[in-house]
Amino acid sequence: MLALVSDDVLSVVPSDPCWQPDRATGQRVAELVTSLTLVDGDGGWCEVTWHDDVALVDCGGNLERIGCLGCGRQLDGEWWRDLIEERHTSGSGLADLAVVVPCCGAATTLDALEYDWPVAFARFEIAVWNPSRTFDPGDGRLDDDAAAAVERALGHPIRQVRAHY
Ligand SMILES: [Zn+2]
């Protein structure tokens, strides 16, 4: 029989896709996020990554809808996945987020589309795998006070992505 294993991930990233903290700041903030989200013995862990290029911080199976803020229509998920894949394999990565959407022809950027649940684009990521429920205010994200503390420590506004795999 196959074992069905699923993981929940809370990712904390800077709101500016290109922005990166220095190593010491990034490590310090990762320790803060760990203290806010993980309890020893619960089995979760924290990964901190400085990406060379802008990377997609995916929400996995939580992505239900991508909308265009220009015309309000829903974008085809296949079109979006193909586009992300193509930019990764073409070698230019996601350095250029510019996109012309097929629904209304508007020129916009990938990070300005409406994602439900949210995804993000980032060059720095703190990923907490299987965070403890004790921190969870209900929607699996840091609450306002915790998020504000992380932003102060990072020196930059943050976005949070909840992924399920
Ligand atoms: Zn549109």
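Bear in mind the structure is a predicted one, so any value in this text is a computation, not a measurement. Quick note: numbers below take in every heavy atom, side chains included, and nothing from hydrogens, waters or symmetry partners. Each ligand, and each atom within it, is numbered from 1 in the order the structure gives.
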- For Glu64, does the CD atom have more than 12 heavy-atom neighbours from other residues, nucleotides or ligands under 6.0 Å away? yes
- Message: Using a 6.0 Å cut-off, check whether atom CG of Asp22 has over 12 heavy atoms from anything other than its own residue.
- Response: yes
- So does Asp16 pair up with Arg159, basic N to acidic O under 4.0 Å? no
- the Zn ion (ligand 1) - number of protein N/O/S atoms closer than 2.8 Å: 4
- Quick one: are Asn62 and Arg162 in side-chain contact, heavy atoms under 4.5 Å? yes
- Would you find a donor on one side and an acceptor on the other, under 3.5 Å apart, between the side chain of Asp42 and the backbone of Pro131? no
- Asp40: what forms a side-chain contact (heavy atoms from CB on, under 4.5 Å) with it, not counting sequence neighbours? none
